[in-house]
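Remarks on the structure that follows.
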Amino acid sequence: MFLVIAAAIAVPLVLLKPWDKNNNENNGLSGSESAKPDLITPGTTITPSTDNSAQPNSYTPPLNQPFDYANGTAKMRGVNLGGWLVLEPFITPSLFDPYIMDGVVDEWTLCEHLGPDAARKLLEDHYASWVTEDTFVQIKKLGLNHVRVPIGFWAMGGLVLGEPYVANISWNYLLRAIEWARKHGIRVMVELHGAPGSQNGWNHSGRVGQIRWLNGTDGVLNAQRTLPYLQQMTAFFSGSAYTHVSPVMGILNEPAGFLIGGEAVVNWYKQAVAAIRQATGLGKGPWAVLHDGFLSVDAFSGFKAQTDRLMIDSHLYIMFTEDLMSLNQTAQVKFACQSWGSLATTSTKTFGPTMVGEFSVAVNDCATYLNGINVGARWDGTFGNSAYRHSPDSTCAGKNDASTYTAEYKTFLKQFFLAQIEAFEQGAGWFYWNFKTESNPLWSYFDGVEGGWLPEDANDRGPGYCTSLGYPVNLPSVDESG
Ligand SMILES: *[C@@H]1O[C@H](CO)[C@@H](O)[C@H](O)[C@H]1NC(C)=O
Ligand SMILES: *[C@@H]1O[C@H](CO)[C@@H](O)[C@H](O)[C@H]1NC(C)=O
Ligand SMILES: *[C@@H]1O[C@H](CO)[C@@H](O)[C@H](O)[C@H]1NC(C)=O
Ligand SMILES: *[C@@H]1O[C@H](CO)[C@@H](O)[C@H](O)[C@H]1NC(C)=O
Ligand SMILES: *[C@@H]1O[C@H](CO)[C@@H](O)[C@H](O)[C@H]1NC(C)=O
């Protein structure tokens, strides 16, 4: 490991681009990794290592010591391994582009269109190349200590007739990656990103369109079908082989509480928490993360966060909200420090441990396919029937081409990033969305570091960044209100 890192430092920067999207051929710093995707032979059992002594950096306890999510000084500093075991058109457009003319818009339609054998081949090549051991070498090097890994229910099989997903294959790729994480001291939060029926109708749940989870004819059935998957994940990650490297688990990504109804989602969460605690017993098993379902933290007041070791997760973005996107840069930085800082502080006080499982520095929605395939952007006035346009002459041209970013723009992006993470560290920490993308640099942590708008070491900063800008995160009025 030391050799790899030493070699990495000695290589000129140009070669240090394992995150380069077109660089699957040479995906490793050391060049020791094979050029072709390293497929896992069917039937292989991934044996977990018993060595949990790795420590990613001096700010983070080694894996075999507890990470105190509730009261510790160490914060979760991480990236999402998105677009990997659950596909997302805006992260890897290359997997979708050849089939868009055929109506492919998500993983469901991709699998349906290709059929089981071709879908499996395409997906398996992708699983074996999008994340490699080098991904974890980089993550450690950048001062990070956690990854959040989205999976779909289909990773665990149990498909019903008509569900075209590739079953089971991704699970072994997940387990192999967990061993790389273990070797480099990175903790892994696996989270269910796609539930049967789709909990939000978005492409990243696997299937775009109607919500068939707690909604519609099969809604209750699909919500119930979700519970055994969570029990299976809990039982698996609470075993002695995984408890150190995977001490925290996400129950469900972004159930659309605002469409399905908050009460229904919260009631389902109560069943889910009961189901997973039943699998291990109270006080045992991984920390469980509840995404807020776009509801206020007050909706979760019925949960005993501390005794059940629950955490709440908010995803905070500005580019999907016209009011926030239209603020000027100064106001956006101030908003991150103060509004998101007080959100993290208040939620920690009223609920308990609070994390931000997704955020980015994107200040426009120009990323290719971000809003779905070929549906346009708010920024240039081409999205849906929204009347919003950022300014009369705003255009998306160049917005996804980092070579056009000016030094001033990069300075702003870095400020916006540092402001956000300081705000989020008023809670338990953060996960950038995403570790990399094929062609949308504002959404790629690796591109940001390479381009100079994200820090080379996430720990290398003093406290009080927001204060130094004149926007202290913990306003007295917020402190008193808890
Ligand atoms: C964290 O601190 C709170 C308040 O002091 C306490 O109730 C709780 O048990 C602690 N949680 C953990 C996981 O240690
Ligand atoms: C997936 O794995 C499950 C559980 O191990 C098994 O029951 C099922 O038959 C597998 N499905 C496929 C399509 O291989
Ligand atoms: C597709 O995913 C992106 C990225 O998360 C999301 O912003 C968008 O709303 C989704 N589009 C559709 C049509 O589901
Ligand atoms: C909920 O289900 C109904 C009935 O199937 C469907 O018409 C509706 O579009 C669904 N709602 C959402 C938000 O998907
Ligand atoms: C940015 O917006 C804020 C709030 O609307 C305003 O007070 C400030 O003058 C603006 N700054 C610039 C540089 O335009």
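As the structure lists them, so they are numbered: ligands from 1, and atoms in each ligand from 1.
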Within 4.0 Å of some non-hydrogen atom of Asn168, the atoms of ligand 2 are 1 (C), 2 (O), 3 (C), 8 (C), 10 (C), 11 (N), 12 (C), 14 (O)

- Got a salt bridge between Glu133 and Arg182, using NZ or NE/NH1/NH2 to carboxylate O under 4.0 Å? no

Across all chains, not counting sequence neighbours, the ring-ring contact (aromatic ring centres under 6.0 Å, His included) partners of Trp443 are Phe90, Tyr317

Distances under 3.5 Å, N/O of ligand 4 against N/O of the protein: list each pair and its distance.
residue  : atom   : partner : partner atom : Å
ligand 4 : 2 (O)  : Asn215  : OD1          : 3.3
ligand 4 : 2 (O)  : Asn215  : ND2          : 2.4
ligand 4 : 5 (O)  : Gln210  : OE1          : 3.4
ligand 4 : 11 (N) : Asn215  : ND2          : 2.9
ligand 4 : 14 (O) : Ile211  : N            : 2.8

Output for pair (Asn203 CG, Leu110 CG), nearest 0.5 Å, gives 12.5 Å

Sorted by chain and number, sequence neighbours left out, disulfide bond (SG atoms under 2.5 Å apart) with Cys111 holds for none

N or O pair under 3.5 Å between Thr330 and ligand 5: no

Applying ring-ring contact (aromatic ring centres under 6.0 Å, His included) to Phe236 and not counting sequence neighbours gives Trp171, Tyr242

Quick check with a 6.0 Å cut-off and a 45 degree axis cone: is Arg378 positioned over the face of Phe383's six-membered ring? yes

Original post:
Taking NZ, NE, NH1 and NH2 as the nitrogens, is one of them in Lys121 or Asp125 under 4.0 Å from a carboxylate oxygen of the other?
Top reply: yes

